[in-house]
Amino acid sequence: MTLTPGITPEKDGLDGLAWNVVGHTYTPKMHSENAFVWHADIPDGTFVPPHIHPTQDEWICMLEGELEVEFGDEKQVGRAGDTIRMPMGLAHGIYNRSGKTATCLFGVAPSRKLFELFGKLDGVTDPEELVRISAEHEVDFLPPPE
């Protein structure tokens, strides 16, 4: 898929798309085989459990609020204006424990299967099903802690 020229308006997603993934609203803004960017509204008290992207670098550009990112035992906090970097192959979990909704832009490079994954995860609430579908799309969730 080649990047098409144009503008994605502030409130719109590509082709009118928006997905509910783990309680977050993801709105795709740009997609090509080289990169995928989406806007995210991340309510307080929600999270993405620790996982690995074995084939993609990922980043978050914080717009409002704050997110905690855990890299194993290390915890870092990203605030408005910060960019959070998550290299491929490094396990990371993303948590909103701030008391407010966080908004941000996520991106991955290359896109690989993530755009398709979000379409398949839209509205999925069963954790086992989420893990299974994600593994088919090159996102590997870590087992829960003992």
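All residue numbers refer to positions in the sequence shown, counting from 1. Owing to the predicted nature of the structure, the values given are computational and were not obtained by experimental measurement.
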Could you walk me through whether Trp38 and Phe106 satisfy the ring pair (Phe, Tyr, Trp, His ring centres under 6.0 Å) test, starting with their C-alpha distance in whole Å, then the side-chain angles of each, then the deciding distance to 0.1 Å, before giving a yes or no?
CA-CA 5 Å; Trp38 65 99; Phe106 278 78; 5.2 Å; yes
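- Counting only distance, with no hydrogens or angles, the side chain of Asn20 and the backbone of Thr25 share no donor-acceptor pair below 3.5 Å.
- A salt bridge between Arg132 and Glu136 is present, with a side-chain N of the basic residue lying under 4.0 Å from a carboxylate O of the acidic one.
- Under a hydrophobic clustering in which Ile, Leu, Val, Met, Phe, Trp and Tyr are joined whenever their side-chain heavy atoms come within less than 4.5 Å, directly or via other members, Phe141 and Met88 fall into different clusters.
- Leu17 and Ile133 fall within a single hydrophobic cluster, where Ile, Leu, Val, Met, Phe, Trp and Tyr side chains are chained together by heavy-atom contacts under 4.5 Å.
- Ile94 is listed as a side-chain neighbour of Ile60, based on a closest heavy-atom distance under 4.5 Å.
- Using a 4.5 Å heavy-atom threshold, the side chains of His31 and Met1 count as touching.
- In terms of heavy-atom proximity, Ala18 sits nearest to Thr27 at CB-OG1, 4.1 Å.
- Rounded to the nearest 0.5 angstrom, Glu64 CD and Cys104 SG are separated by 10.5 Å.
- You'll find the side chain of Ile84 stays beyond 4.5 Å of the side chain of Gln76, heavy atoms only.
- Both Leu117 and Val22 are part of a single hydrophobic cluster, where members link through side-chain heavy atoms under 4.5 Å apart.
- Placement of Phe36 and Val48 within a single hydrophobic cluster is found when ILVMFWY residues are connected by side-chain heavy-atom separations under 4.5 Å, directly or transitively.
- Ion pairing between a basic and an acidic side chain is recognised when a charged N comes within 4.0 Å of a carboxylate O; Arg79 and Glu66 show such pairing.
- The distance from atom CH2 of Trp59 to atom CE of Met86, rounded to the nearest 0.5 Å, is 9.5 Å.
- The CG atom of Asp41 sits 10.0 Å away from the OG1 atom of Thr46 when rounded to the nearest 0.5 Å.
- Ring pair Phe115/Trp19 is perpendicular by interplanar angle, where above 60° counts as perpendicular and below 30° as parallel.
- The two atoms that bring Leu67 and Ala102 nearest to each other are CD2-CB, 3.8 Å, heavy atoms only.
- With Ser134 contributing its side chain and Leu130 its backbone, the two residues share a donor-acceptor pair below 3.5 Å.
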Hey, mind stepping through Leu3 and Asn34 against side chain to side chain contact (heavy atoms under 4.5 Å, CB included) and telling me if it holds?
CA-CA 8 Å; Leu3 184 64; Asn34 296 317; over 6 Å; no
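- Although no hydrogens or angles enter the test, the distance criterion places no donor-acceptor pair under 3.5 Å between the side chain of Glu33 and the main chain of Ser111.
- In this structure, Leu105 CG and Met62 CE are separated by 10.5 Å, a value rounded to the nearest 0.5 Å.
- Summarising the local packing, CZ of Arg85 is surrounded by 12 or fewer heavy atoms from other residues, nucleotides or ligands at distances under 6.0 Å.
- Residues Met30 and Val108 do not share a hydrophobic cluster, defined by chaining ILVMFWY side chains whose heavy atoms lie under 4.5 Å apart.
- His51 places a side-chain N or O within 3.5 Å of a backbone atom of His92 that can act as its donor or acceptor partner.
- Residue Lys29 qualifies as enclosed at atom NZ: its count of foreign heavy atoms under 6.0 Å is above 12.
- Pro49 is not listed as a side-chain neighbour of Leu142, based on a closest heavy-atom distance of 4.5 Å or more.
- Proximity of Gln56 to Glu138: side-chain heavy atoms (C-beta onward) are nowhere separated by under 4.5 Å.
- Minimum heavy-atom separation, Asp140 to Pro54: OD2-CG, 3.7 Å.
- Other residues, nucleotides and ligands place more than 12 heavy atoms under 6.0 Å from the CG atom of Asp126.
- Of the inter-residue distances, the one linking Asn96 atom CG with Asp44 atom CG reads 5.0 Å to the nearest 0.5 angstrom.
- Contact check for His137 versus Phe118: no side-chain heavy atoms found under the 4.5 Å cut-off.
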